[in-house]
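Worksheet: the structure to be examined is printed underneath.
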Amino acid sequence: LENIHKIPEDILKKASDGNIEAFEEIYKSASNFIYNIALRITNNREDAEEVTHDVFIKIYKNLKNFGYRSSFTTWIYRIAVNTALTACRKRSRELKRTTQYTDAIKIRYIEKIVEEKKTKERNETLLSSILDILNPDQRACIVLRDIHELSYKEIAKTLNININTVRSRLKRARKKLLAFASKGGAVE
Amino acid sequence: MNCNKTQKLLLTNYSDSEIDERLLKKVENHLLSCNKCKRFLQTLQERAIEPFRINQEVHVPEEIWQRIKNTIKTIEKEQTGKLLHHLLSRIRFPFRVSRPVFAVITAALIIVMSVIIIRVSITKKDRINIYLQAQLDFLSYLASDDDTYGFGIDDPDLGTKIEKYFM
């Protein structure tokens, strides 16, 4: 996130005029940030790559109209989260047509992961499994709050919803995680 | 404050540090005296909040930038194509909208141009003829003994009476 804050205004200006080298600078500073948001919200590497690609194309096309009405970081957050949520909805429509994931399958999966010894890999898979329990809207709120540590106000602004909706999504998400853990899908 | 309200706050505002001083004190006082809510908070932290803190940054695959660059190239090509198409359609506009009018104007222009060319060529021809005639006259004067070249035979204008006398 710090890298994005450091992007000089003249680089944004040049990129908005179609300068590809300036745009590459923006990519270098923001790509990991966007990819990680996309990865946590979609919870799927393939989708996260697609979302990262789409987000940068949106930035390239709309940088001229950005107009500095909000900070560049807020703008990027908004595009990234919304593109990721759109990808989730698309994926969930496809999933409905193919397989239905049941809680029982998820519980067995998490128990299996917890038994594994490789810590880094296990943490990554564990995080992915927990995120998989939540729906995309809840996942977006949890990712912005618990991973990116945004305030309720910032989350509301990013997702274009009111603060009470943020609060209620977080509450439902955490209740779901607690209920899931009490069923046997202990996370640690 | 009862357990229900406390747990509601523990799930959101308390855990996210979005709580005012007054409510914070009430929650903390309740936690001091209620083991059930204390356990709830512990479970909540362990199972629904802390797992996300283990998040490690994952690096974006290198090939993404190449894909983005390729898409940008395609977009730019499309934009150039659209611009050309737009310009061409603007140029074609008068021809397409009033074809009969255009045909009439073209025919009229051709006629006017032909007339002008013909007239210009006729005037040019006359001038050449006059010039040739003058040259012939001069040559015939040189060949003859006549020294009154340039003066009219019938009524040579010799100016004053004195001039006429001397001539």
Side-chain angles (χ1 to χ4, degrees), chain A residues 18 20 23-24 27-28 30-36 38-40 45 48-50 52-57 59-61 119-120 122-124 126-127 129-131 142-143 145-149 151-153 163 166-178 180-182 185-188, chain B residues 2-20 23-24 27 36-83:
Chain A
I20 196 77
F23 190 67
E24 191 173 0
Y27 176 82
K28 280 178 190 165
S31 56
N32 275 336
F33 170 77
I34 289 170
Y35 179 67
N36 278 272
L39 182 64
R40 295 310 170 206
R45 280 180 191 262
E49 288 176 16
E50 200 61 42
T52 307
H53 168 272
D54 291 353
V55 167
F56 276 98
I57 295 302
I59 294 173
Y60 184 80
K61 281 182 175 174
T119 321
K120 196 181 168 187
R122 195 195 69 173
N123 283 348
E124 184 56 36
L126 181 64
L127 182 60
S129 311
I130 297 167
L131 286 168
I142 287 284
V143 167
R145 174 61 224 148
D146 290 335
I147 298 178
H148 290 267
E149 296 176 351
S151 68
Y152 287 0
K153 202 178 164 188
I163 287 182
V166 173
R167 193 180 289 112
S168 105
R169 283 184 189 173
L170 285 171
K171 191 177 84 183
R172 282 191 191 142
R174 285 166 182 164
K175 270 187 169 177
K176 211 172 184 180
L177 291 170
L178 284 176
F180 187 77
S182 69
V187 293
E188 198 63 13
Chain B
N2 62 27
C3 291
N4 194 25
K5 199 169 180 197
T6 306
Q7 287 184 10
K8 220 173 161 182
L9 286 167
L10 292 178
L11 275 166
T12 54
N13 295 52
Y14 178 83
S15 299
D16 295 324
S17 311
E18 298 251 357
I19 193 164
D20 62 51
L23 272 176
L24 180 68
V27 172
K36 189 183 154 200
C37 287
K38 221 188 274 177
R39 275 200 305 277
F40 178 84
L41 177 62
Q42 200 183 342
T43 315
L44 174 72
Q45 293 286 347
E46 282 172 4
R47 298 183 176 186
I49 295 172
E50 277 168 15
F52 299 106
R53 306 269 154 85
I54 59 171
N55 174 58
Q56 288 148 335
E57 193 177 79
V58 184
H59 288 281
V60 62
E62 281 178 12
E63 68 270 15
I64 302 286
W65 173 239
Q66 198 50 49
R67 274 171 58 196
I68 292 168
K69 256 179 25 181
N70 290 342
T71 311
I72 288 173
K73 273 182 195 165
T74 315
I75 292 168
E76 280 174 353
K77 266 185 195 168
E78 279 172 7
Q79 278 176 345
T80 317
K82 271 183 191 170
L83 190 71

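Proteins get letters first, then strands, A, B, ... in listed order; numbering begins at 1 in each.
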Side-chain heavy atoms of [X] within contact of [Y], under 4.5 Å:
X	Y	value
Lys8(B)	Arg167(A)	no
Ile34(A)	Val60(B)	no
Tyr35(A)	Ile64(B)	no

Gap between atom [atom2] of [Y] and atom [atom1] of [X] - 0.5 Å precision:
X	Y	atom1	atom2	value
Gln66(B)	His53(A)	CD	NE2	11.0 Å
Leu178(A)	Thr43(B)	CG	OG1	7.0 Å
Glu57(B)	Ile147(A)	CD	CD1	11.5 Å
Leu177(A)	Glu46(B)	CG	CD	13.5 Å

Identify, with sequence neighbours excluded, every residue that meets salt bridge (charged side-chain N to carboxylate O under 4.0 Å, His left out) alongside Arg40(A). Glu124(A)
Chain B heavy atoms under 4.5 Å from [X]: which part of the residue, side chain, backbone, both or neither?
X	answer
Lys176(A)	neither
Tyr152(A)	both
Arg145(A)	side chain
Ser168(A)	neither

Heavy-atom contact with chain A under 4.5 Å, split by part of Leu10(B): neither
Go through the atoms of Gln7(B) and report whether side chain, backbone, both or neither lie under 4.5 Å from a heavy atom of chain A. neither
To check you understand the geometry: which heavy-atom pair defines the closest contact between [X] and [Y], and what is its length?
X	Y	value
Ala48(B)	Asp146(A)	O-OD2, 4.0 Å
Ile130(A)	Phe52(B)	CG2-CZ, 3.8 Å
Glu49(A)	Pro61(B)	OE2-CG, 3.4 Å
Thr52(A)	Ile68(B)	O-CD1, 4.4 Å

Got a sec: does the CZ of Arg67(B) have more than 12 other heavy atoms crowding it under 6.0 Å? yes
Glu62(B), CD atom: more than 12 neighbouring heavy atoms under 6.0 Å: no
Looking only at Lys175(A), Lys171(A), Glu24(A), the option with the highest number of non-hydrogen pairs under 4.5 Å against chain B is Glu24(A)
Just jot down the ring-ring contact (aromatic ring centres under 6.0 Å, His included) partners of Phe23(A), sequence neighbours excluded, or say none. Tyr60(A)
Please determine if Arg174(A) and Asp16(B) form a salt bridge, counting it only when a charged side-chain N lies under 4.0 Å from a carboxylate O. yes
